[in-house]
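Note that the numbering runs from 1 along the sequence shown for the chain. Values below: all heavy atoms of this structure, side chains included; hydrogens, waters and symmetry mates excluded.
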Amino acid sequence: MPALVEVGRAKVNLTLKVVGRRTDGFHDLESVVAFADCADRVTLEPGPELALTMAGPLADACGDTSDNLVLKAARLLGERVANLEVGHFTLEKVLPVAAGIGGGSADAAAALRLLARLNELSLDDSRIMEVALQTGADVPVCVASRACDMTGVGDGLLPLDLPAMPCVLVNPRVPVATKDVFNALGLRHGELLIGATDVAMQAPSWPASGCAIDEWIAALASGTNDLEAPAARVEPVISDVLSALRETRGARLVRMSGSGATCFAIFATDADAAAAGDKLRAAQPGWWVHAGTLS
């Protein structure tokens, strides 16, 4: 059988509200998630042994291969699917690591899609989704790789009809550990950030299918990323990235994604996004900059 290929697109949290911390220590979130047109590439060559080879410009940043989420997801699925066919994965890493754009989660999700294809499993198979959630909170949304309103610990997914939005993503090439950001947030087990009767506890309302980008930007601007301030305390360079994006011409909405350090700006036109990307690359050649589209 020829090699199978999937891409792991960068996940971007357009909003991120921390509802509270559960008694088990996990945090309940509500987040509008979109996906960018930049991605890692995952290839699977069917074979008798499960293995992973790292490649690409950022392969060395991924650490020990044995700890990679691609292998974790494959092993967990093998525990649930008898005689699961596997093989040799190759991960071409181009997305920054520990960057708040779900690179590792997207890679694990791509691996699950590949294994589903190889074993003729539906992506709706309960075992696929169970493994996705056990692998990481961002993995379930990355399996579908489409815009969603994500709630809970990543287990609640409501698809959204998001228009294509020109964007620039910027990462200062400084890894930020999610656990450090949540520690800086400082919630105790069982602590809520909002009251039980708060309107934010109700199902959020987002623009309907077919709405223009202006309506989406207005709706998203009413939200926040609750992790932005604690992340900036952990890595102050995040504030520099946000300021640089706000200074670009045509930036309509600027925010941090996930737990950082990647930040994004949404623009009205592709030309504005491309010009902003060029400006930022020239001013900060050490930063990772991608000008493209969110959807």
Kindly give the heavy-atom pair with the smallest separation between [X] and [Y], and that separation in Å.
X: Val143; Y: Arg113; result: O-NH1, 3.1 Å
X: Ile128; Y: Ala116; result: CD1-CB, 4.2 Å
X: Gly102; Y: Lys11; result: N-CE, 3.8 Å
X: Val7; Y: Ala110; result: O-CB, 3.9 Å
X: Asp226; Y: Val18; result: OD2-N, 2.9 Å
X: Val86; Y: Leu50; result: CG2-N, 3.9 Å

Quick check against the 3.5 Å criterion: does [X] have a side-chain atom that pairs as donor or acceptor with the backbone of [Y]?
X: Asp125; Y: Leu121; result: no
X: Arg22; Y: Gly190; result: no
X: Arg21; Y: Gly25; result: yes
X: Asn13; Y: Ser257; result: no
X: Thr262; Y: Ala99; result: yes

Is any side-chain heavy atom of [X] less than 4.5 Å from a side-chain heavy atom of [Y]?
X: Val32; Y: Leu220; result: yes
X: Val181; Y: Val176; result: yes
X: Asp149; Y: Glu30; result: yes
X: Phe89; Y: Asp107; result: no
X: Phe182; Y: Leu227; result: yes

Residue pair [X] / [Y], side-chain donor-acceptor N/O under 3.5 Å:
X: Ser209; Y: Asp161; value: yes
X: His189; Y: Asp24; value: no
X: Arg80; Y: Gln134; value: yes
X: Thr178; Y: Ser259; value: yes

Name all residues meeting the side chain to side chain contact (heavy atoms under 4.5 Å, CB included) criterion together with Asp67; count only those two or more places apart in sequence or in a different chain, and write none if there are none.
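Scan of Asp67 (side chain to side chain contact (heavy atoms under 4.5 Å, CB included), adjacent residues dropped) gives Asp64.
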Single-linkage hydrophobic cluster, 4.5 Å side-chain cutoff, [X] and [Y] together:
X: Leu123; Y: Leu77; value: yes
X: Trp206; Y: Leu162; value: yes
X: Leu294; Y: Leu253; value: yes
X: Leu160; Y: Val141; value: no
X: Leu91; Y: Val97; value: no

Nearest 0.5 Å please: distance from the [atom1] atom of [X] over to the [atom2] atom of [Y].
X: Thr23; Y: Arg188; atom1: OG1; atom2: CZ; answer: 14.0 Å
X: Arg252; Y: Asp272; atom1: CZ; atom2: CG; answer: 9.5 Å
X: Leu84; Y: Arg75; atom1: CG; atom2: CZ; answer: 13.0 Å
X: Cys142; Y: Leu112; atom1: SG; atom2: CG; answer: 10.5 Å
X: Glu235; Y: Met256; atom1: CD; atom2: CE; answer: 11.5 Å
X: Thr293; Y: Met165; atom1: OG1; atom2: CE; answer: 10.0 Å

Could you go through Glu6 and Arg41, starting from their C-alpha distance and side-chain angles, then the distance that decides it, and tell me whether this counts as salt bridge (charged side-chain N to carboxylate O under 4.0 Å, His left out)?
CA-CA 6 Å; Glu6 288 277 348; Arg41 178 183 172 94; over 6 Å; no
Show your working on salt bridge (charged side-chain N to carboxylate O under 4.0 Å, His left out) between Arg255 and Glu228 and close with a plain yes or no.
CA-CA 8 Å; Arg255 190 167 285 159; Glu228 195 171 289; 5.1 Å; no
Working note: Val33 + Arg146, criterion side-chain contact (heavy atoms from CB on, under 4.5 Å); need CA distance, chi angles, decisive distance, verdict.
CA-CA 8 Å; Val33 176; Arg146 61 161 297 178; over 6 Å; no
